Amino acid sequence: MGGFTQQIKSVYWPETRTLMHLALPICGAQLAQAGMSVVDVMMTGRHDATSLAAVSVGSSLWMPLMLFMTGTLMGLTPIVAHLLGGKRNEAIRPAVHQALWVALLLGAIAAVLLWSAIMPIFELMSVPPAVASQSAAYLSAVAFGMPGIALFQALRAFSDGMNHTRPALWISLVGLSVNIPANYLLIYGGDGLVDLFGAWVPTSLQQLPALGAFGCGIATALSMWTMALAMAYYTRRGSTYKSVAIWQKLTPPQWLGIRELVVVGVPIGVAIFVEVTLFTLIALFIASFGEVTVGAHQIALSFTSILFMLPMSLSMALTVRVGNTLGQQRLALARKVAWNGIVISVIIAAINSLILWVSAKPVIALYTSNSEIQALALSIIALAVIFQLSDSLQVNLAGALRGYKDTRIVMVITVLSYWIVGLGGGHWLGSYGVSEVAPLGVHGYWIGLIAGLSTAALLLGWRLQRISIRG
């Protein structure tokens, strides 16, 4: 007993503090970036309904592209963490440069897709012409920012791998501080400035046109490039990066470096893309159940998503810590670091579930005053309590495995668990029922989500157990 207590003091407690020190700034950065989407929706909603619909539809197309790029570039984090842990700092600079080349390529491809493939998709989706026109304009502006956000994510992955997660928080806040006034100026134009400042507005600014959804797209692109340039400046000037000096000399594209990033990163990008499409498809299926059901589902999902930010950030920090320890060739310690992170994730999930249960009624009331939606959302929250535990567990198991650079198996497990068990099972329970049990509607889909995430957690736990023993 005394030996275990000593181990807690010497290993687990210091490791927990280090992990949370890394995770909390990541969580803040995630919330700041999510805040940009909230600002876009709020400001376009106040402009007019068509602009709101255009931005909402457009976001559903560019966000999955951005998340795929982000996931792919996250492959740089364990690569840098391994090199840093092994004190091979001279190899970090070329690895980062290969990620920057990949980021530019992915950003350019995303931009071309947003310029060329949008209207055919809108026709397939039967989007009303007025919404489609404004959404296409919005996406044409956002497209200019895609290379910028890709470069930012590559540099953020590098900084995270260097155990330096705070810059992403501060620079995300800078992006948000650019996004808000740019949105206001470009969406509402001169009239909006007059409403806000009255006669103090110069005549030249009063003539600015209100660009609506298109203006929102320009503001988003400006924020993306602001974050990229700020991150580039910080990684050039920050003392933490002096030993690496990534801006000293640019390394040309090298196949081996690009291949390593692609092998590690693309499965992460695919796994994130699969998760996004899972929730998108469920939202489409639930749409047939009526407005009350859709509203209740979105409220429950929004509330749980906010609380999920910390477990998700913890998983990203866990990737760094496991990678650092493996780079030092301390395999036994890496195993302890990984499983300590999993225990912490379960504790945080339990706290989140308690918060969900206790605060459900007042929080739901903030979203809507409709009693039907409130009652249905409350019943979904009862399932979301379990959902939080499964989701936190599986995302942190995946984070630990990324530290081992074991991403392909994670991708396979994610695809099978999410789409076959989660989506397939949820659709069956929600729309068809089982045997003599009637279709469960939206609750069936949430039960399917819990089953899919729990399956992923079990399989990922088995994989981590095997690979951590093997080292």
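Since the structure is predicted, the reported quantities are computational estimates derived from the model, not experimental observations. Nothing fancy with the numbering, it's 1 onward along the sequence.
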What pairs of donor and acceptor atoms, side-chain ones from residues 64-73 against any protein atom, are under 3.5 angstrom apart with sequence neighbours left out?
from	atom 1	to	atom 2	distance (Å)
Thr70	OG1	Met66	O	2.9
Thr72	OG1	Phe68	O	2.9

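- A 4.5 Å side-chain heavy-atom check between His297 and Leu301 finds at least one atom pair inside the cut-off.
- For the pair His97 and Leu100, the minimum side-chain heavy-atom distance is below 4.5 Å.
- Scanning all heavy atoms of the two residues, the minimum distance from Leu278 to Gly422 falls at CD1-C, 4.4 Å.
- Within the 4.5 Å cutoff, no side-chain heavy atoms of Trp462 are placed close to those of Leu397.
- For the residue pair Ser379 and His443, the shortest heavy atom distance occurs at OG-NE2, 2.8 Å.
- Nearest heavy-atom pair across Ala300 and Trp446 is CB-CZ2, 4.0 Å.
- The line from CG of Leu356 to CD1 of Ile386 is 11.5 Å long, rounded to the nearest 0.5 Å.
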Check the pair Arg402 / Asp406 against salt bridge (Lys or Arg N to Asp or Glu O under 4.0 Å), numbers first and verdict last.
-> CA-CA 5 Å; Arg402 285 198 298 269; Asp406 186 52; over 6 Å; no
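- Between Met227 and Met36 there is a side-chain heavy-atom pair separated by less than 4.5 Å.
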Derivation of the side chain to side chain contact (heavy atoms under 4.5 Å, CB included) call for Lys405 and Ile79 | CA-CA 8 Å; Lys405 298 185 184 178; Ile79 292 171; 4.3 Å; yes
Could you check Ile26 against Leu169 for side chain to side chain contact (heavy atoms under 4.5 Å, CB included), going step by step and ending with a plain yes or no?
-> CA-CA 6 Å; Ile26 295 175; Leu169 167 60; over 6 Å; no
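- In this structure a side-chain-to-backbone donor-acceptor pair under 3.5 Å is present from Trp101 to Thr251.
- Distance CG/Leu83 to CD1/Ile92: 5.5 Å, rounded to 0.5 Å.
- Taking OG of Ser159 as the reference point, atom CD1 of Ile246 lies at 9.0 Å (rounded to 0.5 Å).
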Go through Thr220 and Trp62 one step at a time and tell me if the side chain to side chain contact (heavy atoms under 4.5 Å, CB included) criterion holds.
-> CA-CA 11 Å; Thr220 300; Trp62 74 261; 4.2 Å; yes
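- No side-chain donor-acceptor contact under 3.5 Å links Asn396 to the backbone of Ile342.
- Under a 3.5 Å cut-off, the side chain of Ser417 and the backbone N or O of Thr414 do not form any donor-acceptor pair.
- For the pair Met316/Thr77, no side-chain contact is recorded, criterion being any heavy-atom separation below 4.5 Å from C-beta on.
- Aromatic ring centroids of Tyr241 and His164 lie under 6.0 Å apart.
- In summary, of the residues considered (Leu416, Val270, Ile272), a side-chain contact (heavy atoms from CB on, under 4.5 Å) with Met411 occurs for Val270 alone.
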Please assess Leu453 against Glu275 for the test side chain to side chain contact (heavy atoms under 4.5 Å, CB included), listing each intermediate value before the final yes or no.
-> CA-CA 10 Å; Leu453 295 171; Glu275 185 174 2; 5.6 Å; no
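- Taking CG from Leu423 and OH from Tyr418, the interatomic distance works out to 12.5 Å, rounded to the nearest 0.5 Å.
- Side-chain contact of Ser431 with Tyr445: a donor-acceptor pair under 3.5 Å is present, judged by distance alone.
- Contact check for Leu314 versus Ile344: side-chain heavy atoms found under the 4.5 Å cut-off.
- Judged purely by atom type and a 3.5 angstrom limit, Ser353 uses its side chain to pair as donor or acceptor with the backbone of Val385.
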Without placing hydrogens or testing angles, list every side-chain donor-acceptor pair under 3.5 Å for residues 318-326, not counting sequence neighbours.
from	atom 1	to	atom 2	distance (Å)
Thr319	OG1	Ser315	O	3.2
Thr319	OG1	Gly399	O	2.8
Arg321	NE	Glu15	OE2	2.8
Arg321	NH2	Glu15	OE1	3.0
Asn324	OD1	Asn163	ND2	2.9
Asn324	ND2	Ala81	O	3.0
Thr325	OG1	Arg321	O	2.7

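- Side-chain atoms of Gln248 and Arg236, non-hydrogen and from C-beta on, never get closer than 4.5 Å to each other.
- Judged by distance alone, with hydrogens and angles left aside, the side-chain atoms of Thr407 form a donor-acceptor pair with the main-chain N or O of Val264 at under 3.5 Å.
- Side-chain atoms of Asn340 and Thr16 form a donor-acceptor pair, as typed in the model, at a separation below 3.5 Å.
- Taking both residues in full, the closest heavy atoms of Ala110 and Met146 are given as CB-CE, 3.9 Å, listed atom of the first, atom of the second, then distance.
- Atom CH2 of Trp115 has more than 12 neighbouring heavy atoms from other residues, nucleotides or ligands inside a 6.0 Å radius.
- Aromatic pair Trp247/Tyr233: ring centres not closer than 6.0 Å.
- In this structure, the side chain of Thr165 engages the main chain of Leu22 through a donor-acceptor pair within 3.5 Å.
- To the nearest 0.5 Å, the span separating CE on Met162 from OG1 on Thr240 amounts to 7.0 Å.
- Contact between Ser392 and Ala349 at its shortest, heavy atoms only, is CB-CB, 3.5 Å.
- For Trp225, the CH2 atom counts as densely surrounded, since its 6.0 Å shell holds more than 12 non-hydrogen atoms of other residues, nucleotides or ligands.
- The shortest side-chain heavy-atom distance between Phe152 and Ser223 does not fall under the 4.5 Å cut-off.
- Listed here is the closest heavy atom pair of Ser359 and Phe303: OG-CZ, 3.4 Å.
- Checked against side-chain contact (heavy atoms from CB on, under 4.5 Å), Ile447 has the following partners two or more places apart in sequence or in another chain: Leu383, Leu429, Leu440.
- A donor-acceptor pair is defined here as one N or O able to donate and one able to accept, closer than 3.5 Å; no such pair exists between the side chain of Gln33 and the backbone of Ser172.
- Judged by distance alone, with hydrogens and angles left aside, the side-chain atoms of Ser454 form no donor-acceptor pair with the main-chain N or O of Ser390 at under 3.5 Å.
- For the atom pair CD1 of Ile381 and CD of Gln388, the computed distance is 9.0 Å after rounding to the nearest 0.5 Å.
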Show your reasoning for whether side chain to side chain donor-acceptor pair (under 3.5 Å) applies to Asn89 and Ser243.
-> CA-CA 7 Å; Asn89 288 18; Ser243 62; 3.2 Å; yes
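- For the 3.5 Å distance criterion, the side chains of Tyr234 and Trp170 fail to qualify, holding no donor opposite an acceptor.
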